[in-house]
Undergrad: 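What follows is a single structure, and I will ask about it in a moment.
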Amino acid sequence: MSFVDNVMAGLALVANIESFLALFIGVAVGTVAGAIPGMSATMAVALTLPFTFAMAPITGILLLLGVYKGGIFGGSIPAILIRTPGTPASSATILDGYPLAEKGQAGKALGMALWASCTADLISNLSLILFAGWLASFALSFGPPEFFTLILFSLTIIAGVSGDSLLRGALSALLGLMLATIGLDLIYGTNRFTFGSPTLMGGLNFIAVLIGLFALPEIIAMVWNPKAHEGKTRTLGKNWVTFADYKASFRTIVRGSFIGVFLGSIPGIGAAPAAFLSYSEARRKSPNKANFGKGELEGVAAAEAGNNGVAGATLIPLLALGVPGDVITAIILGAFMIHGLQPGPIMFVMNADIIYGLFIGLIVSSVFLFIIGTVAIKGFKYVADIPRGVLFPAVMVLCIYGVFAVNNNLFDVGVMFVMGGVGYLMMRYKVPSAPFLIAFILGPLLEDNFRQAMLMSNSSPAILFRGPITWFFWLLTAITVFAIARAGFKTIRNARAADAEAEEIQ
Amino acid sequence: MEDRRIHLQLGISAIILSLLFLVVLIPNWVSSPSNVSKMILSPLMWPNVIAGATGLIGAALLLGALRMPRLATEIPPDTDDPTRAYLRLFVLALILIVTMPLMPRLGLVWTTMGVSALLALLVRTSHPKTAFICAICVPLVLYAFFAHVAGVAIPQGNFVRLP
């Protein structure tokens, strides 16, 4: 089918009130959830997932994508107004957003955040449409050895960049890999860690693990300290962003968007590094360098463009290769699977209408984001006022229903409770949970492709180096491990030097 | 908690976990067909590799912790009263444990109403009336959605059944 045929097929699939309503509701829910301190885009996507079971695949996935897009923007609202980022990606927005709010220009900062977010979102979506198809056609020639090396590379980078400690990230990924081995063996069908229970033969339920890891720890953290996340909300002020402000920051926004697209398309890097890189580039190139950090509108634009530029780009590896770009796309990957779809190059051949339907939906989501974002900025006061002591008990109920609804199985609720405890311990011990979840999803794929490759080659490891694609991914893996190790040693060296200096002063 | 202590505790836990897998769990709870001639294709291979790697990471964490300098000052706890905080966590654990056997007996709706109300009490919500109303309404709304829209068979329990 030609490009135009695919677009028409996609349009036929999404051009109905149900799909657009789902997308609109998704963006609204995501924006509100992202704006509530203590909630996050990840948690919002995870909690919305069970509601998609009764929907058509395209409608359900559009709902989740809407929540994702809304959640990323929504996180900037509390970052600017109460100096608490709603999502980690909004941390860079605080740097100039909050000083602007202190000056009584919160409305202006939020307006710029919205405009930059929508522009970056659009650029990111267009990049997705341009590159995903190309990458998928390239990936059609991948066999098990190529997929094994690609997934190994993804795991390396995810373990490495998801926290301030490589070892803690790696430990998290290993725990996720180990948990993924529970159930029947993929090739021989023998039991692995089922402990004689038929319930465990299918492995642990993905939704139970996901909600347990990402929603319950927040509830437990609130029980530990009910007074956390209390901040003073700033008023919006009378200044609003003008077209001249937008025009002045346009180059920064476009640059930040492309930084976001580039970093987002590499599995595992995520939005926060993109936001900080975009911010530092903007500061480096700006004539108002000295004003950055003190309330520079361009700084807000750069940070928001960087983190929203990632949103569409993380879908490139997901749709083209079936490898999630970050934790939210890992959840969306789970949603595809629940609806009987397997993202990857084959999907571009078998379900091109769904792929192009999603592309159309994503473009429309930028418009919805602009409309809903404008309202959300003004209505944030009410959102921020939702008492956590009322919100989180309701979230707990939602978690229980959502997890039960996947398989009509109360055992899954128990798994969620246990995973909640594990997730909370990981939070206390600063072990990032994103590598855990991504490894849990990628683990079976990694093992399956490895063993298939071994079966193909009669157990000869040479097949893992059979062509330029496998060599390319091995090289990338080696470079990543080297870079991460080097950064780790550098951090340790700097810390030691600082300690020695401090001792000398004493 | 300071980084040194975190790495130390994580390192020891990872080594114990690794040994537990290698010595107890994998030999007893992972079965492999007798006709698998090559170890690399065996269902045992992958868990063994992961457990071994976990042990190595644990050792690296432990070594890293031993080389880290001790902090002269204690990091203040992240809550006003740690004893009360631990007590709240203990009560939460009890609520969750009791929830499991109650769900099939009382039904999901009534159990979750109780969980929601108890959780609100546990954190001493400043809006008890709203929390109480939410504790009743949210499970009912979710029941209506999942049972009547999504077609999920929500457990009703042995006492009061909903339409």
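Throughout, a chain's letter reflects where its sequence line sits, starting with A, and its residues are numbered from 1. Any value given below was found using the heavy atoms of this structure, including those in side chains, with hydrogens, waters and symmetry copies removed.
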Undergrad: Relative to chain B, which segment of A:Leu398 carries a heavy atom at a distance below 4.5 Å: side chain, backbone, both, or neither?
TA: both

Undergrad: Let's test your reading of the structure: which of B:Gly151, B:Ala153, B:Ala14 forms the most heavy-atom pairs below 4.5 Å with chain A?
TA: B:Ala153

Undergrad: Heavy-atom cut-off 4.5 Å, strictly under: side chain, backbone, both or neither for B:Ile97 against chain A?
TA: neither

Undergrad: Do you know which of B:Val152, B:Leu142, B:Val138 has the most heavy-atom pairs under 4.5 Å to chain A?
TA: B:Leu142

Undergrad: B:Val49, B:Thr125, B:Val30: which one forms the most heavy-atom pairs within less than 4.5 Å of chain A?
TA: B:Val30

Undergrad: What is the minimum heavy-atom distance between A:Ser459 and B:Leu41, and which atoms define it?
TA: OG-CD1, 3.7 Å

Undergrad: Output the distance between atom CD1 (A:Ile207) and atom CG (A:Leu49), rounded to the nearest 0.5 Å.
TA: 3.5 Å

Undergrad: Looking at A:Trp224, does the NZ or CZ of A:Arg428 lie under 6.0 angstrom from its six-membered ring centre and within 45 degrees of the ring axis?
TA: yes

Undergrad: Can you check whether B:Leu89 reaches A:Tyr424 side chain to side chain, under 4.5 Å on heavy atoms?
TA: yes

Undergrad: So which part of A:Asn407 gets closer than 4.5 Å to some heavy atom of chain B, the side chain, the backbone, both or neither?
TA: neither

Undergrad: Measure B:Val123 against the heavy atoms of chain A and call it side chain, backbone, both or neither at under 4.5 Å.
TA: both

Undergrad: Taking all non-hydrogen atoms of both residues, which atom of B:Cys134 and which atom of A:Val390 are closest, and how far apart?
TA: SG-CG1, 3.6 Å

Undergrad: To the nearest 0.5 Å, tell me how far B:Leu96 CG sits from A:Met416 CE.
TA: 8.0 Å

Undergrad: Which pair of non-hydrogen atoms, one from A:Pro444 and one from A:Leu186, has the smallest distance, and what is that distance?
TA: O-CD1, 3.6 Å

Undergrad: For chain B, which of A:Glu447, A:Met55, A:Met454 has the most heavy-atom pairs under 4.5 Å?
TA: A:Glu447

Undergrad: Do the ring planes of A:Phe148 and A:Phe450 sit parallel (below 30°), tilted (30 to 60°) or perpendicular (above 60°)?
TA: tilted

Undergrad: Only pairs of heavy atoms separated by less than 4.5 Å count here; which of A:Leu410, A:Val395, A:Thr181 has the most with chain B?
TA: A:Leu410

Undergrad: Counting heavy-atom pairs under 4.5 Å with chain A, which one of B:Pro47, B:Ala60, B:Ser126 comes out on top?
TA: B:Pro47

Undergrad: Under 4.5 Å heavy-atom distance to chain A, tell me which part of B:Phe21 shows up: side chain, backbone, both or neither.
TA: side chain

Undergrad: Drop me the distance from A:Met178's CE to A:Leu174's CG, to the nearest 0.5 angstrom.
TA: 8.5 Å

Undergrad: Please classify the contact between A:Val431 and chain B as side chain, backbone, both or neither, with a heavy-atom cut-off of under 4.5 Å.
TA: side chain

Undergrad: Measure the CE-CG distance between A:Met222 and B:Leu122 for me, rounded to the nearest 0.5 Å.
TA: 8.0 Å

Undergrad: Looking at every non-hydrogen atom in both residues, tell me the closest pair between A:Ala453 and A:Leu464 and how far apart they are.
TA: CB-CD2, 4.1 Å

Undergrad: Check whether B:Met113 gets within reach of chain A through its side chain, its backbone, both or neither, counting any heavy atom under 4.5 Å.
TA: neither

Undergrad: Return the option, out of A:Ile187, A:Ile220, A:Thr194, with the maximum number of heavy-atom pairs under 4.5 Å with chain B.
TA: A:Ile220

Undergrad: Return the minimal non-hydrogen interatomic distance between B:Ala117 and B:Ala135, and the atom names on each side.
TA: N-CB, 3.9 Å

Undergrad: Return the orientation label for the A:Phe195 and B:Trp29 ring planes: parallel under 30°, perpendicular over 60°, tilted otherwise.
TA: tilted

Undergrad: In terms of heavy-atom proximity below 4.5 Å to chain B, should A:Met396 be classed as side chain, backbone, both, or neither?
TA: side chain

Undergrad: Give, as side chain, backbone, both or neither, the part of B:Pro104 having an atom under 4.5 angstrom from any heavy atom of chain A.
TA: both

Undergrad: Between A:Phe51 and chain B, which part of the residue has a heavy atom less than 4.5 Å away: side chain, backbone, both or neither?
TA: both

Undergrad: For the interface with chain B, which of A:Ala54, A:Pro461, A:Pro393, A:Gly389 has the highest count of heavy-atom pairs at distances below 4.5 Å?
TA: A:Pro393

Undergrad: Side chain, backbone, both or neither: which part of A:Asn191 has a non-hydrogen atom closer than 4.5 Å to chain B?
TA: both

Undergrad: Please classify the contact between A:Leu455 and chain B as side chain, backbone, both or neither, with a heavy-atom cut-off of under 4.5 Å.
TA: both

Undergrad: Parallel, tilted or perpendicular: which one describes the rings of B:His148 and B:Tyr143, with boundaries at 30° and 60°?
TA: perpendicular

Undergrad: What part of A:Pro50 gets closer than 4.5 Å to chain B, counting heavy atoms only: side chain, backbone, both or neither?
TA: both

Undergrad: Heavy-atom distances under 4.5 Å only: say whether B:Ala51 touches chain A with side chain, backbone, both or neither.
TA: both

Undergrad: B:Leu17 versus chain A, heavy atoms under 4.5 Å apart: side chain, backbone, both or neither?
TA: side chain

Undergrad: When the ring centroid of B:Phe159 is compared with that of B:Trp110, is the distance short of 6.0 Å?
TA: no

Undergrad: Check each atom of B:Arg84 against the heavy atoms of chain A and say whether the ones under 4.5 Å are side chain, backbone, both or neither.
TA: neither

Undergrad: Which heavy atom of A:Phe440 sits nearest to which heavy atom of A:Leu204, and what is that distance?
TA: CZ-O, 3.7 Å

Undergrad: Less than 4.5 Å to any heavy atom of chain A: does that hold for the side chain of B:Thr111, its backbone, both, or neither?
TA: neither

Undergrad: Give the member of B:Pro139, B:Ala53, B:Ala120, B:Ser42 that has the highest number of heavy-atom pairs under 4.5 Å with chain A.
TA: B:Pro139

Undergrad: Under a 4.5 Å heavy-atom cutoff, which of B:Thr54, B:Leu44, B:Leu10, B:Val115 has the most pairs with chain A?
TA: B:Leu10

